[in-house]
Structure formats: C-alpha cells, structure tokens
Amino acid sequence: MSVEETLNPLFKKIQELKPQFIQRLADAVAIKSVSGDETLRPEVVKMGYFLKSELEKLGAYDIQMKDLGIQPPPVDNPKLNLPPVVLSRIGNDPAKKTVLIYGHYDVQPAGIEDGWDTEPFELVVKEDEDKLVGRGSTDDKGPVMGWLNVLQAHKELGLELPVNIITCFEGMEESGSIGLDDLIAQEAETYFKGVDAVCISDNYWLGTKKPVLTYGLRGCNYYQIIINGPGADLHSGIFGGVIHEPMTDLVNVLSKLVDVNGNILIPGVNEMVAKVTPEESKLYDDIDFDVTELNLASGSDTAIYQSKKEILMHRWRFPSLSIHGVEGAFSGAGAKTVIPAKVSGKFSIRTVPDMDSAKLDKLVLDFVNAEFAKLNSKNTIHAELIHDGDYWVSDPFNESFTAASKATELVWGVKPDLTREGGSIPISLTFEKQLKTSVLLLPMGRGNDGAHSINEKVNISNYIEGTKTLGAYLHYFGASQK
Ligand SMILES: NCC(=O)N[C@@H](Cc1c[nH]cn1)C(=O)O
Ligand SMILES: [Zn+2]
Ligand SMILES: [Zn+2]
C-alpha cells in the first residue's frame with residue numbers, strides 16, 4: 001500500500017475526531033502553566049501530569065517524569081522546583097526509525113487586563129471565524145495536542161505507527177529551558193539512544209496562507225539591570241529633586257542600548273554578525289511574503305523596513321535588542337506620585353551566526369555598568385544574564401525535511417517555503433549536537449496567531465490539517481530507508 005493510501009483513512013479519522021481534539025486543547029489551555037510566574041509553578045506541574053495521563057491512555061509506556069531539581073537563581077523562592085520533563089515511548093520496533101518529538105507545555109503569562117477580549121485560559125471556539133482563542137493555543141499546546149491527536153487517531157483506527165516515537169515535553173521553554181540541556185546530555189546514550197530525527201512543532205508559517213518548513217532560529221540572551229536606591233518607595237513631592245532616583249537611572253541606561261530603528265548601540269555586537277553572501281541573499285527572492293503580512297500580524301503600520309528582504313533579514317539573520325519591561329515601577333491606572341525604591345529593567349538580544357554568547361554577555365554587561373558609571377548616581381546597579389539559548393541553522397534538504405515537505409504538500413496542496421525564524425527554541429541545537437541527528441521544525445500555526453500576545457489563537461483548520469500534517473510526516477519519514 002502506498003503512503004497516500006494509508007493516509008486516507010487516517011485523515012478521515014482525524015476529521016471525525018475534531019470535536020474531541022478541540023476538547024483536548026480546551027482542557028490543556030485551562031491549566032495556567034505559566035513558567036515565568038513562580039506562584040503558578042503548581043499549574044505547570046499539573047500540566048506535565050495532564051500530558052502523562054493522556055499519554056498513558058494513548059498507549060505510551062516507560063513514561064518518566066524527569067525531575068530537574070531546584071530552579072537556579074535569579075529566583076524569588078530559592079526552593080522552587082523545576083517542572084518535570086515528560087519522556088515516553090510509543091513503539092520499540094528495531095526495524096522502524098525512531099522520531100523524537102519535542103514540544104513545550106508551559107506558556108507565556110496572560111491576563112484579561114492585558115487587553116484580551118476573552119479569558120485567556122478558557123479556550124473560545126469561534127467556528128465562524130475558524131479560530132480557537134486562548135493562551136497556548138498556538139504556542140505550544142496546540143501542536144503538542146496535535147501529536148497526541150495523531151496517536152489517538154492511529155489507536156482508534158488500529159493503524160500501526162510507521163515509526164517508533166519518543167516524546168520529550170518540557171515545562172520551562174518560555175523561561176530558557178532551564179535544566180533541559182543537562183538532561184539531554186545525560187539521556188543521549190540511554191533514553192534517547194537510536195533517535196533518527198527530532199521533530200519540533202513550535203513555530204509558525206511566515207504569513208497566513210502558505211505553509212513553511214523552518215531550518216533556522218535566532219538565539220536569545222536575556223538580561224536584567226537592577227537599580228537600588230532609597231530604603232522604601234517615596235513621596236515624589238518630598239524627595240523628588242533631592243535624591244537620585246532608580247527609575248531615572250534605569251531609563252537613562254536602557255536608552256543607550258538601542259535606537260528607535262532597532263540598531264543595537266553596544267559597541268562590538270554588530271561586528272560579530274556573519275556577513276551576507278550573494279548566495280544567501282538570493283534565498284530570500286522566492287519567499288512568499290511582503291510588508292502587508294507584517295502589518296497584519298503586528299496589527300499596525302509600524303514597520304521599520306518596507307522591502308521583503310530587509311524585513312526577513314532583520315527577523316532571521318541580524319540580531320535585535322528588545323526592552324521588555326520594568327519590575328518594581330508603578331504600572332497601574334491613575335497617577336501615583338511615587339519614587340520606586342528598586343527597579344529592574346528586562347531586555348533581551350536575539351542572537352545570530354556568528355555571535356559568541358559569552359563574548360556578547362561581557363560586551364553587554366560591561367557596557368551597562370560603564371553607562372551607569374557615567375551617570376554619577378549614588379544608587380547601586382547589578383546587571384546580570386537571566387538565561388541564554390543558542391541560535392540554530394540546519395540543512396533543509398535532508399530526509400526528514402523531504403518527508404515533511406511531502407506531508408505538507410499532500411495536506412495543503414502546495415510546496416512549503418523554507419524559512420528561518422526570529423524566535424528561539426534553545427534546545428534545537430542541543431538535540432542536534434547531543435543526539436548527532438537532524439532537527440526539523442514543522443509548524444502548525446500561522447504568522448498572525450499572536451503567540452506571546454493578546455488574543456492568541458490557532459485556526460481550527462490549522463489545528464486539524466496540522467494534525468494531519470504531523471501524522472503524514474511520520475508516515476513519509478517511516479517509509480524512507482532506515
Ligand atoms: N515558540 C518558541 C518561543 O516562543 N520561544 C521563546 C523562547 C524564549 C527565550 N527566552 C525566553 N523565551 C521565544 O521568546 O522565542
Ligand atoms: Zn513555543
Ligand atoms: Zn513562546
């Protein structure tokens with residue numbers, strides 16, 4: 001039987017199970033597994049056990065909830081446990097290839113007060129708009145549920161899986177994948193022995209119409225600058241103008257890092273970036289994208305660059321520096337006249353080939369300290385790296401990408417574009433190095449899904465056709481020579 005003949009009943013079954021698949025995503029979204037909020041750590045752990053229970057029902061075995069120990073500083077609670085990594089196996093046939101599926105079950109923070117139209121942790125099904133709205137719907141609970149859906153459809157059909165599967169689902173991806181590097185190194189020759197390919201579904205199409213396969217990611221080095229001043233928050237009418245203010249110092253230092261056109265101002269950073277070659281430049285010509293897609297996805301007309309090539313290069317292959325927020329400052333409604341006593345500014349740099357992470361940290365931290373010294377403030381500063389993760393670029397023409405390309409073309413009726421991505425999945429490079437195997441990024445969602453933003457969604461069609469694509473990928477990959 002051809003792969004396509006096998007896939008026909010599988011696709012029918014996936015279609016038939018659509019209501020159950022949506023319910024599975026709703027159950028997952030309802031768990032507030034925000035890894036960046038220490039108070040919600042029990043919810044992250046609950047989400048890990050939700051996956052364990054689903055995997056058990058779907059026939060996975062040797063399920064191991066890997067304990068990664070205590071979360072290292074900086075952290076408020078010095079005894080905070082990291083959430084478990086969920087390892088499991090489905091199938092152990094030496095004649096079949098083995099695919100490691102990685103996904104993350106933690107999500108970014110979300111609150112209705114951020115501007116969501118609906119409760120972020122209640123999945124809203126909008127059939128008329130083809131949307132499932134809720135935190136994690138596209139990043140990354142939708143795709144993780146997609147893999148479970150594939151297992152369920154096979155089980156209900158009595159259809160044999162074409163490959164052995166190993167799952168590796170983590171709960172700290174949105175917070176730097178703390179602890180996972182070491183686990184992968186430890187398990188490379190044990191639990192993960194014999195893996196032929198790693199498949200990650202944790203990214204997006206470039207736009208809204210054309211599917212893509214992704215062969216590159218930027219890295220991310222995340223920093224904070226803590227400025228300490230008076231012993232307590234103070235009245236600005238009494239102390240304003242007569243003491244050095246931490247917030248003023250912080251704003252001054254932050255303003256030196258990047259200009260309004262996104263140019264990084266820290267000396268030495270841009271010099272580390274690999275030069276664009278004529279061959280690389282040509283790769284951008286055929287990609288289906290333009291500035292209107294960017295404007296639609298950002299919900300604005302605020303693009304710095306107008307040409308496709310400049311936008312994509314600045315998203316994929318040049319570094320960027322974003323200032324994310326300030327902890328400790330007044331941020332509520334109204335007009336509180338306070339001088340915050342201690343503030344912490346958070347920013348990150350998306351890294352690209354050939355930047356050296358340790359060298360970058362030194363350049364950044366030395367620069368921040370030097371700029372603060374120029375202020376002659378009597379406040380104190382502490383600048384530090386919170387977490388880092390490497391960039392990754394791979395070969396998009398290997399067997400795993402070929403299988404994914406066939407799967408995508410079968411489901412969506414069009415050959416996928418080959419893209420890189422501006423976001424980061426720090427563990428991609430670790431898998432490639434430690435398991436000495438290829439990594440493929442096979443996205444489910446669209447470029448306008450609003451990952452990390454308000455009203456995050458996955459289109460219902462992407463959730464269902466994406467599930468089919470994941471299933472088809474396993475079959476095409478399983479059918480190629482071991
Ligand atoms: N879907 C991948 C993703 O959103 N990754 C995060 C990873 C990260 C790095 N530092 C904090 N989170 C991203 O922001 O790219
Ligand atoms: Zn993600
Ligand atoms: Zn994310």
Side-chain angles (χ1 to χ4, degrees), residues 25 28-29 33-37 44 47 51 71 74-75 82-83 85 101-110 120 134-147 168-181 198-206 212 214 216-224 297 315-316 319-325 346-352 357 360-361 364 384-392 419-431 439-454 456-458 462 466:
L25 183 56
V29 166
S33 52
V34 179
S35 56
D37 182 341
V44 188
M47 184 64 208
L51 287 175
Q71 183 165 333
V75 72
L82 288 163
V85 175
I101 292 164
Y102 162 88
H104 65 90
Y105 62 82
D106 61 320
V107 294
Q108 287 279 320
R135 175 55 91 224
S137 55
T138 195
D139 181 15
D140 183 34
K141 288 179 175 175
V144 169
M145 296 311 120
W147 288 117
C168 175
F169 295 141
E170 69 153 322
M172 282 299 284
E173 197 273 347
E174 299 291 10
S175 300
S177 292
I178 300 169
L180 189 56
D181 273 332
V198 175
C199 184
I200 301 179
S201 186
D202 182 23
N203 62 307
Y204 321 97
W205 297 355
L206 193 50
V212 308
T214 303
L217 293 161
R218 292 195 290 185
C220 185
N221 286 25
Y222 203 113
Y223 306 93
Q224 71 174 340
R315 179 182 281 178
W316 296 350
S320 61
L321 189 156
S322 300
I323 298 171
H324 303 295
K346 319 271 177 103
F347 68 97
S348 74
I349 297 181
R350 297 286 173 172
T351 60
V352 296
S357 181
L360 176 69
D361 294 344
V364 170
E384 64 186 348
L385 174 80
I386 298 183
H387 63 247
D388 57 3
D390 258 320
Y391 51 80
W392 164 80
T419 60
R420 284 162 68 168
E421 188 145 319
S424 314
I425 306 174
I427 222 60
S428 311
L429 186 68
T430 312
F431 277 127
V439 175
L440 154 77
L441 258 72
L442 178 51
M444 173 178 270
R446 303 184 188 182
N448 69 345
D449 280 355
H452 294 204
S453 182
I454 57 167
E456 176 180 347
K457 59 90 179 162
V458 68
N462 282 61

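Predicted model only: the values in this text are computed from it and were never measured. Both counts, for ligands and for their atoms, begin at 1 and track the order of listing. Quick note: residue numbers are just sequence positions, from 1.
Residue contacts with ligand 1 do not include R218, since none of its heavy atoms lies under 4.0 Å from the ligand. Distances shorter than 4.0 angstrom do not occur between any heavy atom of N203 and any atom of ligand 1.
Not one N or O of Y222 is nearer than 3.5 Å to an N or O of ligand 1, by distance alone. Note: no N/O pair closer than 3.5 Å links H104 and ligand 1 by distance alone.
Among S424, S428, G423, the residue whose heavy atom sits closest to atom 5 (N) of ligand 1 is S424.
To the nearest 10 degrees, the Zn ion (ligand 3) sees OE1 of E174 and NE2 of H452 at an angle of 80°. Annotation: angle subtended at the Zn ion (ligand 2) by D139 OD1 and D202 OD2 is 150°, to 10°.
The contact set between ligand 1 and D139, taken as ligand atoms under 4.0 Å from a residue heavy atom, comprises 1 (N), 4 (O).
Closest protein heavy atom to atom 14 (O) of ligand 1: R350 NH2, 2.8 Å. Among all protein heavy atoms, the one lying closest to atom 2 (C) of ligand 1 is D202 OD2, 3.4 Å. Distance from atom 10 (N) of ligand 1 to its nearest protein heavy atom, with residue and atom name: H387 NE2, 2.9 Å.
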Worked verdict on S322 versus S348 for side chain to side chain donor-acceptor pair (under 3.5 Å):
CA-CA 6 Å; S322 300; S348 74; 5.3 Å; no
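In this structure, R446 contributes its side chain and L206 its backbone to no donor-acceptor pair below 3.5 Å.
Take the N/O/S atoms of H104: the one nearest the Zn ion (ligand 2) is NE2.
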